[in-house]
Each structure stands twice: as C-alpha cells, then as structure tokens.
Amino acid sequence: MLDPTFVRENPEAVETALRNRGMDASLEPVQAHDRRRRELLVEVEDLRRQRKEASKSIGERIKAGEDPAKAKDEVRQIGDRITTLEQELNDVEQQLTDQLSTFPNLPDESVPVGKSEEDNPVTRTWGEPRSFDFEPKAHWDLGPELGIIDFERATKLTGARFAVMMGAGARLERALIQFMLDMHTGEHGYTEVLPPFMVNGNSLYGTGQLPKFEEDLFKVHPHDFYLIPTAEVPLTNLHSDEILDVEQLPISYTAYTPCFRSEAGSYGKDVRGLIRQHQFDKVELVHFTTPEQSYEQLEKLTSHAEEVLKRLELPYRVVTLCTGDMGFGAAKTYDIEVWLPGQQAYREISSCSNCTDFQARRAKIRYRAEKGAKPRLAHTLNGSGLAVGRTLLAILENFQQADGSVVIPEALRPYMGGMERIG
RNA sequence: GGAGGGGUGGGUGAGUGGUUGAAACCGCCGGUCUUGAAAACCGGAAAGCGCAAGCUUCGCGGGUUCGAAUCCCGCCCCCUCCGCCA
C-alpha cells in the first residue's frame with residue numbers, strides 16, 4: 001500500500017507514476033475520501049473527548065450523592081452522535097483503504113518508463129549460447145524421450161499444466177533444490193526456512209496478492225487458506241506485526257517450496273512443457289532491510305540468483321523491468337532470463353524485486369533504528385534463486401547431446417550421486 | 001471432533017464497571033556512586049493516528065452502559081484431557 005500522507009501531498013507525482021505503470025486511475029475519489037476522513041476524525045475525536053470528561057464527572061456526582069439523571073441524558077445524546085459519525089467514518093475508511101490497496105507500488109526513479117516487456121533494457125549478459133551441430137530439441141521432447149518427464153500421465157492424475165518427474169528427472173529436481181539451498185545458506189549467508197505451503201488471506205494481503213489477484217490463487221475450501229503462489233508470501237509475513245531490532249538487519253531467508261498458480265488468463269500461453277505449470281518448485285530469497293540499504297540489497301540478491309546459473313554454466317541475461325512490466329508490489333525489478341536452445345530465446349528464470357515499504361506497510365513490518373526511536377517501516381525484497389523446474393528444463397536443453405542424452409553440469413554431479421549423464 | 005482452562009505493555013503477571021494506558025517484578029535505557037564494572041540508589045521508557053489539542057489500542061468483531069481491560073454474544077488462537085491420526 002502507498003503511504004497515504006505521500007499520496008495526499010504529492011498527487012501529481014502519484015498520478016504520473018500510476019500512468020507510467022499503465023494504470024490511469026484517478027486520485028479524485030481517494031482525495032475526496034481522505035478529506036472526509038480527516039473531517040470526521042476531528043469531529044469524532046472531539047465528541048469522544050467530551051463524553052469522556054462528562055462521564056468522569058457523572059462518576060464524581062454519584063459518589064457525592066447527587067442525581068446524575070440529567071447529565072446521563074446529555075451524554076447519551078453525545079454517544080448517539082458519536083455512533084452515527086463512527087459509522088460514516090468506518091465506511092469512508094473502508095472505501096479509502098479499498099481504493100488505496102488496489103494501487104501498485106511507485107516505481108523507483110531509476111526504472112525505465114515503458115509499456116511492456118519489449119521496453120525492458122538488457123542490463124548485462126553472461127555466457128555464450130552454445131552452438132549446436134545438430135537441431136537442438138525442446139525439453140518437452142527430450143524429457144519424455146529420456147523417460148524422466150511424463151506429461152501425459154500427469155494429465156490423467158490431475159489435468160493440464162502438471163508434470164510427473166521420474167527417475168533421474170525426479171533426482172535432478174531434488175539435486176537442484178539441494179544445490180541452491182546449500183549455496184545460499186553456505187556462501188550467501190541465508191537462513192533456511194521451511195514454511196507452511198498454505199497461508200491465510202491476511203498473509204496474502206500483506207504481500208499484495210489480495211485483494212486484487214485472488215483469481216490467480218488456489219483456495220483450499222472450506223478454509224480461509226490458499227496454496228502459496230510463491231514462498232515470498234510466508235517468508236515476508238514471517239515478520240508481520242513485528243518491530244525488528246536494527247541489529248538484526250538485513251535478515252535473509254531462503255526457502256524451498258512448491259508454488260501453486262491458477263494461471264488464469266494465460267490460456268494458450270506456454271501450453272507445452274514445464275515453463276508454465278500450476279505447480280512448480282522454487283527456491284526463494286527474501287530480505288528485510290532498512291530503506292537506506294534496500295537498493296544495495298537488491299543488487300546482492302540478484303547476484304546470488306545469478307551465481308546459481310554461473311555454477312550451472314547456463315547462459316543468461318539480466319533485464320531491468322520497465323514501469324509497465326513490473327509486478328504489483330515492486331518498486332524495481334530485475335528479471336534473469338536463461339537461454340533456451342529449444343526456443344532460441346531467453347526466458348525468465350528469476351525475478352528479483354525491491355518492494356520498498358509497500359509490503360511492510362500492509363503487513364506492519366517495522367524496525368527500530370535505535371533505542372527509544374520511533375519504529376520505521378522496513379523494506380522487503382524477494383527474488384527467485386531460482387525457479388527449479390525452469391532450471392531443470394534449461395539444463396536439459398543446454399546440455400543435450402546429439403544422441404539425445406543430457407550431460408549433467410559438473411557442479412551438480414555431487415548431488416546426483418556422481419551421475420554424469422542422463423540417457 | 002468432544003470437555004475444560006486461558007489470551008493484559010519486551011517478558012512474567014496484577015487488575016471484575018468509574019480519574020487504570022494499566023500495579024509489581026524481571027529485562028532495557030539514562031544518571032549517582034566506582035579507577036572501571038557489579039551491587040545499591042534515583043530517574044526514564046508501550047504502539048498507532050494527528051501540526052497540535054487530543055483520540056484510539058488490554059486476541060478480533062459486535063452488544064449492554066452516562067462510562068468497559070473488567071458484563072453479554074460471536075469468532076480466532078494457545079494449553080490440558082478424551083477421540084482420531086502421520
């Protein structure tokens with residue numbers, strides 16, 4: 001959520017930012033509700049003060065043996081008036097937060113203005129796409145041919161957009177998870193977390209998936225539980241409603257979880273293969289930090305995700321998302337895109353964002369800069385380190401051989417029991 | 001799922017209708033003393049909104065009342081016992 005005070009004082013800056021994000025919402029209703037809220041607040045508070053004082057004197061009169069009937073009557077009228085105004089105040093506040101919670105975060109100044117992914121500048125590129133002396137296959141052919149991915153049986157078990165991993169495929173998925181977690185905990189200083197894979201609506205509000213993006217989620221009926229669309233939700237909400245000690249910061253968490261997304265609205269997109277599944281594994285990175293350090297942390301977080309690809313010898317590039325392509329809660333995002341020979345294209349494998357105070361305000365994540373100081377909102381960041389399914393398919397496509405086998409990247413072999421090749 | 005008990009400030013915990021935003025203790029911060037520290041003593045400090053006056057907050061929501069941490073109703077969470085289960 002945006003800072004209401006900032007919106008009040010900088011309406012034109014906010015409108016420009018929203019327009020750059022491809023949202024032409026008018027601030028007019030927000031401003032009207034904001035003004036009305038402040039009027040009501042002043043009036044209600046004044047009436048409450050009157051009632052408090054009057055009630056107190058009634059108590060004193062009773063003790064003094066006087067008849068308080070008339071005073072009671074007067075105070076009751078004040079009380080009725082308060083009830084009426086409070087009702088209106090609640091309505092106005094509800095509408096105000098409803099409107100404000102549909103606004104995305106404001107982009108950082110360094111974010112390029114643009115409409116779509118076409119406008120995302122390439123920030124850096126690593127590695128050379130391998131040249132093949134044969135026609136490289138897509139993983140949706142390689143996987144089934146090697147007998148390590150079964151799309152058809154998954155359809156029988158559940159439906160479209162699910163996959164069954166078999167044998168060396170299942171092992172490879174597990175090896176990647178372990179490889180990534182070991183690197184982030186052992187070398188990058190993250191604390192490993194194993195969170196619940198279901199969260200309540202309040203947590204999803206905290207990170208910004210609710211109320212706007214409910215249709216993207218799987219809900220567990222009849223509870224107020226949802227399957228997590230990313231570990232960002234449980235990890236970030238770990239410190240909701242808390243005041244952290246500045247000495248604890250930055251806090252860095254990593255977690256492996258499966259992620260569940262309904263993919264509503266992406267019919268016909270990436271229908272083949274592992275790219276877009278309803279369930280996929282991901283190793284997530286989440287940081288809690290101070291406003292002063294958050295952009296520095298974003299660079300670090302991104303480099304941690306990149307390191308995984310370097311070790312796996314997978315060519316990639318980093319793009320800076322333009323204003324029109326950023327996610328809801330992000331102020332700045334780097335996407336890491338891995339080279340896929342089967343598609344002859346770079347495809348997203350990680351997305352690293354600084355959410356500044358946007359989630360912290362919703363989830364009430366604060367820290368105290370020094371003893372006795374007022375709590376300030378922390379900054380939260382998150383990134384994939386990495387999407388495991390997409391990493392697996394990138395390995396299949398990049399390390400495929402002319403005979404249809406796949407060489408296992410050296411760094412991964414210890415995690416594969418020494419296996420050097422699949423097929 | 002059934003029965004019972006409980007949710008108060010950083011922690012423990014008092015408070016069952018009135019000036020209690022909340023005792024006490026522990027912890028924390030500052031000071032005195034000390035070469036320094038400890039101990040002792042003195043003092044300070046909850047959070048949110050607001051320029052401020054002030055208002056709100058004792059799990060959450062509603063109700064009773066002139067007035068609710070305190071009474072009533074609903075919900076959530078925790079603990080104990082039983083049932084079930086990995």
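Chain letters run A, B, ... following the sequence lines, proteins first, then strands; residues in each count from 1. In what follows, every heavy atom counts, from backbone to side chain, and hydrogens, waters and symmetry copies are set aside.
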Worksheet entry | Nearest-Å distance once atom P is located in both B:G5 and B:G9 | 23 Å
Discussion item. Heavy-atom nearest nucleotide on RNA chain B for A:Ala54 versus A:Thr83: which residue maps closer to 5'?
Written reply: A:Thr83
Worksheet entry | Interatomic distance where CG belongs to A:Asp73 and P belongs to B:G67 [whole Å] | 12 Å
Discussion item. If I pick the P atom on B:C29 and the same atom on B:U65, what distance separates them, to the nearest angstrom?
Written reply: 49 Å
Worksheet, complete the sentence: Under a 3.5 Å limit on both distances, the Watson-Crick or wobble mate of B:C49 is B:G54
Response to the item:
By the Watson-Crick or G-U definition, both distances under 3.5 Å, B:A68 is matched with none
Item to complete: Rounded to whole angstrom, note down the C1' distance from B:A69 over to B:G15.
Response: 8 Å
Item to complete: Compare all side-chain heavy atoms of A:Val75 with those of A:Ile58 and state whether any distance is below 4.5 angstrom.
Response: yes
Worksheet item: B:C81 pairs with which nucleotide, Watson-Crick or G-U wobble, both distances below 3.5 Å?
Response: B:G2
Fill in: A:Glu117 atom CD: more than 12 heavy-atom contacts under 6.0 Å
no
Item to complete: Quickly work out the A:Gln248 CD to B:G10 P distance and round it to whole Å.
Response: 14 Å
Worksheet item: Roughly how many Å is it from NZ in A:Lys56 to P in B:G18, rounded to a whole number?
Response: 13 Å
Discussion item. A:Lys332 and side chain to side chain donor-acceptor pair (under 3.5 Å): which single residue from A:Ser110, A:Ser294, A:Ser353 fits?
Written reply: A:Ser110
Discussion item. Can you tell me the base-pairing partner of B:G17? Count Watson-Crick or G-U wobble geometry only, both distances below 3.5 Å, and say none if there is no partner.
Written reply: none
Discussion item. Work out how far the P atom of B:U56 is from that of B:G61, and round it to whole angstrom.
Written reply: 15 Å
Discussion item. Give me the distance, rounded to whole Å, that separates B:U8 from B:C58 when you measure between the C1' atoms they each carry.
Written reply: 4 Å
Worksheet item: Paired with B:C75: which nucleotide, if any, by Watson-Crick or G-U wobble criteria at under 3.5 Å for both distances?
Response: B:G59
Fill in: Closest non-hydrogen atom pair between A:Leu285 and A:Ala305, with its separation
CD1-N, 4.4 Å
Discussion item. Between B:G27 and B:C41, how many Å separate the two P atoms, rounded to a whole number?
Written reply: 12 Å
Worksheet item: What integer distance in Å separates A:Asp80:CG from B:G67:C1'?
Response: 14 Å
Response to the item:
Mate of B:G43 across any strand shown (Watson-Crick or G-U wobble, both atom pairs under 3.5 Å) is B:C29
Practice prompt. I would like to know whether A:Tyr253 and A:His184 meet side chain to side chain donor-acceptor pair (under 3.5 Å); could you show each step before the answer?
Written response: CA-CA 9 Å; A:Tyr253 291 137; A:His184 296 314; over 6 Å; no
Response to the item:
Separation of B:C49 atom C1' from A:Asp34 atom CG, nearest Å, is 12 Å
Practice prompt. Please lay out, stage by stage, how A:Lys282 and A:Glu232 fare under the test salt bridge (Lys or Arg N to Asp or Glu O under 4.0 Å).
Written response: CA-CA 10 Å; A:Lys282 184 154 61 73; A:Glu232 165 198 346; over 6 Å; no
Please tabulate the protein-to-nucleotide N/O contacts below 3.5 Å involving nucleotides 51-62 of chain B, giving atom names and distances.
| from | atom 1 | to | atom 2 | distance (Å) |
| --- | --- | --- | --- | --- |
| B:G54 | N2 | A:Glu45 | OE1 | 3.3 |
| B:G54 | N2 | A:Glu45 | OE2 | 3.4 |
| B:C55 | O2' | A:Arg48 | NE | 3.3 |
| B:C55 | O2' | A:Arg48 | NH2 | 3.3 |
| B:U56 | OP2 | A:Lys52 | NZ | 3.4 |

Fill in: Integer-rounded Å distance: B:A47 C1' and A:Tyr367 OH
17 Å
Discussion item. Under a plain distance cut-off of 3.5 Å, with no hydrogens placed, do A:Ser203 and A:Asn200 share a side-chain donor-acceptor pair?
Written reply: yes
Response to the item:
Against the side chain of A:Ser55, the closest entry in B:C66, B:C49, B:G48 is B:C66
Worksheet item: Rounded to whole angstrom units, what separation is found between the CG atom of A:Leu41 and the P atom of B:C49?
Response: 12 Å
Item to complete: Under a 3.5 Å limit for both distances, which nucleotide forms a Watson-Crick or G-U wobble pair with B:G36, could you say?
Response: none
Discussion item. Measuring only the P atom in each nucleotide, how far is B:G59 from B:U70? A whole number of Å is fine.
Written reply: 8 Å
Discussion item. What is the separation between atom CD1 on A:Ile82 and atom C1' on B:U65, rounded to the nearest whole Å?
Written reply: 13 Å
Practice prompt. Taking atom types as modelled, find out whether A:Glu299 and A:Tyr334 have a side-chain donor-acceptor pair closer than 3.5 angstrom.
Written response: yes
Discussion item. Strictly by salt bridge (Lys or Arg N to Asp or Glu O under 4.0 Å), give each pair with a member in residues 266-280 of chain A just once, sequence neighbours left out.
Written reply: A:Asp141-A:Arg272, A:Glu263-A:Arg276, A:Asp270-A:Arg276, A:Asp270-A:Arg347
Worksheet entry | P atoms of B:G13 and B:A46, separation to the nearest Å | 22 Å
